[in-house]
Amino acid sequence: MNDAAAPSPIQLHDTLLGKKCALETLTPGRVGIYCCGPTVYDLTHVGNARAALVPDVMVRFLRHEGYEVKYVRNITDIDDKIIARSQEAGVPALELASRFADEYHRDMADLNLLPPDVEPRVQDHMAEIIVLVESLVAKGLAYAVQGDVYYRVAAFKGYGKLSKRHLEEMLEGAGSRIEVDERKESPLDFALWKAAKPGEPSWESPWGPGRPGWHIECSSMSSTHLGDSFDIHCGGRDLVFPHHENEIAQSQGAHGDDTFARFWVHNGFINFAGEKMSKSLGNFFTTREITTLYPPESLRCFLLTVHYRSGLNFEVEVPCPACGALLDKSAQESGVCPACGHQSEVEELRRRVRFPGLEESDGRLAYIYRTLRQARAFLGTAKQPGSEAPVTEAIAGMLPAFLEHMRNDFNTSGALGALSKPLAEANGLLASGKGVDKASRYLSLERFAADMGEVARVLGCFEQDPDTWLQQRRDMKAARLGLDTAHVDDLVRQRREARSAKDWDAADAMRAKLAELGVGVQDSAEDSVWDFL
RNA sequence: GGCGGCAUAGCCAAGAGGCUAAGGCGACGGUCUGCAAAACCGUUAUCCCCGGUUCGAGUCCGGGUGCCGCCUCCA
């Protein structure tokens with residue numbers, strides 16, 4: 001027994017209680033997680049990616065800790081926006097939804113997200129949804145009006161407990177911003193079932209042809225796949241009200257006050273240039289746009305540099321394609337560079353956007369992959385020691401510190417920070433064996449590589465082959481900057497020759513020339529390799 | 001107007017009362033190098049303001065100030 005080393009329990013912040021609590025699951029050793037997935041009417045934006053990444057890391061970590069996890073993430077394939085978009089495009093709604101669900105899967109796979117264990121779609125749960133609505137009607141919690149069914153908010157006493165709102169106050173504000181439907185008993189009542197309008201997809205129901213309201217699907221699908229009660233419910237902060245509040249009203253209304261999600265987990269927003277992401281403001285980026293410019297894993301890492309409950313700001317720099325001057329907001333909109341007068345197309349500007357914060361993560365990731373590559377190369381060639389020897393301090397402490405941060409409400413920011421010292425120590429050991437016992441050096445690097453593997457599985461980062469990833473990174477950057485890599489290779493070769501002839505002046509001139517292209521050369525005894533400065 | 005959140009170094013960001021306030025980026029100094037780069041080492045903060053609780057507060061309470069989010073589809 002070693003009490004001092006006993007790990008802390010996993011702490012998880014619950015929105016309902018507004019504080020961190022020890023995670024106690026319904027069934028010991030098992031966890032059921034439901035995540036509100038995307039409404040598939042277009043390519044997903046980075047906010048969607050973050051909302052899916054948060055439970056992904058949770059699932060990975062809980063599995064690492066020995067839990068048997070059942071992870072359910074739905075796809076909303078029936079919705080007003082999908083219908084509107086399908087009518088614009090002249091494509092059947094479900095077909096459009098199916099197409100963007102495929103695109104979503106591609107984005108999530110690019111970001112190394114594990115597929116959920118179950119990915120229910122609304123269209124496959126009509127029977128369950130109708131049964132749920134019927135039971136709410138039977139309990140007096142819902143009423144039908146002309147083919148619609150509404151939830152009777154006033155009849156559910158706990159309404160507002162998740163979002164900390166009071167019925168009276170909400171009633172005062174109601175109607176000022178939303179048009180009130182006169183058929184509803186109260187402006188706060190929300191639709192469980194909507195009667196079909198002409199041209200809309202619809203399903204038969206006891207109230208006539210129609211389709212489910214937005215909130216009922218999650219109540220229905222979560223209980224179908226996880227039971228009336230389950231452990232963790234995730235989603236973006238903005239879903240707290242009304243979506244999750246309504247889910248509680250529906251699920252607890254139907255199944256009892258002591259049912260439904262035991263923990264509510266909500267992730268913070270992503271901002272671009274300090275403003276909430278919004279299409280109308282033009283500071284909106286899809287996941288695809290970013291993963292076309294940068295390695296997807298760099299985006300994944302960047303999203304993990306901040307605690308999931310905090311907001312995350314993407315700094316955005318838009319350089320003028322002609323002179324490189326940074327364009328301010330008005331210049332971005334007009335496309336006219338104030339410095340050189342160059343006129344740019346919006347699309348051209350978007351292809352050249354830079355995200356300094358993301359680039360920092362990208363560079364950090366490159367450092368980690370380089371370290372891993374060297375460590376593996378060393379372990380592949382060095383002789384395995386025959387004797388035991390102590391592992392150096394920082395490396396020995398890495399994994400416990402990492403896991404401790406993860407236990408503390410999935411603090412990926414702190415967890416990432418715990419890797420810094422060990423990384424530096426590993427690089428030190430790789431650079432020189434000076435002052436370190438040979439066996440210690442080998443065993444420390446061996447431990448480092450093994451523990452980084454474990455860290456990688458939990459974070460879903462650093463899992464790729466270092467050479468492949470570094471090559472991909474360099475290629476993407478070259479493409480982004482419009483750099484001719486063949487030309488660079490050529491210059492490097494010429495410089496190599498000058499060096500062999502000890503023509504230092506020529507070599508230095510080459511270095512300067514490469515630097516102008518943004519490229520740096522690294523010389524070693526055997527070779528000269530280049531990378532971006 | 002109601003509710004909620006946040007305010008830590010030039011920038012980003014951990015830190016749920018108690019050793020010298022993690023870490024990253026940047027900057028500066030150093031080791032290494034033909035010169036560099038990479039890598040490593042070192043330097044770079046008393047935590048928005050005021051008051052309170054406490055032996056002790058960045059961490060708790062009250063009051064200010066400033067940002068932000070939700071209250072309408074939204075991750």
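Letters A, B, ... mirror the listed sequences (proteins, then strands); counts begin at 1. The basis for the numbers below is simple: all heavy atoms, side chains too, and nothing from hydrogens, waters or symmetry mates.
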Provide a list of protein-nucleic acid N or O atom pairs under 3.5 angstrom, restricted to nucleotides 31-34 of chain B.
unit_1	atom_1	unit_2	atom_2	d
B:rG34	N7	A:R499	NH2	3.4
B:rG34	O6	A:R495	NH2	3.1
B:rG34	O6	A:R499	NE	3.3
B:rG34	N1	A:D508	OD1	2.9
B:rG34	N2	A:D508	OD1	2.9
B:rG34	N2	A:D508	OD2	2.5

Check for me whether the distance between the ring centres of A:H233 and A:F263 falls short of 6.0 Å. no

How about A:Y294 and A:F302: are their ring centroids closer than 6.0 Å? no

Verdict with supporting geometry, A:F285 and A:F272, ring-ring contact (aromatic ring centres under 6.0 Å, His included): CA-CA 9 Å; A:F285 289 90; A:F272 281 96; 4.8 Å; yes

A:E185 meets the salt bridge (Lys or Arg N to Asp or Glu O under 4.0 Å) criterion, sequence neighbours left out, with A:R152

Sorted by chain and residue number, the ring-ring contact (aromatic ring centres under 6.0 Å, His included) partners of A:F241 (sequence neighbours excluded) come out as none

Whole-Å P distance, B:rC40 and B:rC55: 46 Å

Could you go over nucleotides 10-12 of chain B and give all protein N or O partners under 3.5 Å, atom names and distances?
none

Return the set of residues passing ring-ring contact (aromatic ring centres under 6.0 Å, His included) with A:F190 (not counting sequence neighbours), or none when no residue passes. A:Y151, A:H215

Determine the interatomic distance between C1' on B:rA13 and the same-named atom on B:rC49; round to the nearest Å. 23 Å

So does A:H307 reach the base of B:rA13 with its side chain, donor to acceptor, closer than 3.5 Å? no

Defining pairs by Watson-Crick or G-U wobble geometry with both distances under 3.5 Å, how would you list the stems of RNA chain B with at least three pairs each? B:1-7 with B:65-71, B:10-12 with B:23-25, B:26-31 with B:39-44, B:48-52 with B:60-64

Take atom P in B:rG10 and the same atom in B:rG17, then report the distance between them in whole Å. 28 Å

Suppose we screen for side-chain hydrogen bond (donor to acceptor under 3.5 Å, both in side chains). Which residues come up paired with A:W530, at least two apart in sequence or across chains? A:D489

When you compare B:rU8 with B:rU59, how far apart are their C1' atoms, in angstrom units rounded to a whole number? 11 Å

Rounded distance in Å between the P positions of B:rG42 and B:rG51: 39 Å

Starting the side chain at C-beta, find the nucleotide from B:rG2, B:rC71, B:rG69 nearest to A:K276. B:rG69

Only pairs under 3.5 Å count here: list side-chain donor-acceptor contacts from residues 371-379 of chain A, not counting sequence neighbours, and write none if there are none.
unit_1	atom_1	unit_2	atom_2	d
A:T371	OG1	A:Y367	O	2.7
A:T371	OG1	A:N427	ND2	3.0
A:R373	NH1	A:D467	OD1	2.9

Taking only side-chain nitrogens and oxygens of A:R370, does any of them come within less than 4.0 Å of OP1 or OP2 of B:rA39? yes

Hey, what are the protein-to-nucleotides 4-6 of chain B N/O distances that come in under 3.5 Å?
none

Salt-bridge contact A:E297-A:R300 (side-chain N to carboxylate O under 4.0 Å): no

A:K164 atom NZ: more than 12 heavy-atom contacts under 6.0 Å: yes

Given A:D148, which of A:K194, A:K197, A:R211, A:R183 fulfils the salt bridge (charged side-chain N to carboxylate O under 4.0 Å, His left out) condition? A:R183

State plainly whether the residues A:D523 and A:R499 are in salt-bridge range, i.e. N to O under 4.0 Å. yes

Which residues in residues 420-436 of chain A have at least one heavy atom lying under 4.0 Å from any atom of RNA chain B? A:S420, A:K421, A:A424, A:N427, A:G428

According to the ring-ring contact (aromatic ring centres under 6.0 Å, His included) rule, which pairs have a member within residues 402-431 of chain A, sequence neighbours left out? A:F61-A:F410

Options B:rA37, B:rC74, B:rA14, nucleotide nearest the side-chain atoms of A:K81: B:rC74

Only one of A:H244, A:H243, A:H13 passes ring pair (Phe, Tyr, Trp, His ring centres under 6.0 Å) with A:H266; say which it is. A:H244

Sorted by chain and residue number, the ring-ring contact (aromatic ring centres under 6.0 Å, His included) partners of A:F448 (sequence neighbours excluded) come out as none

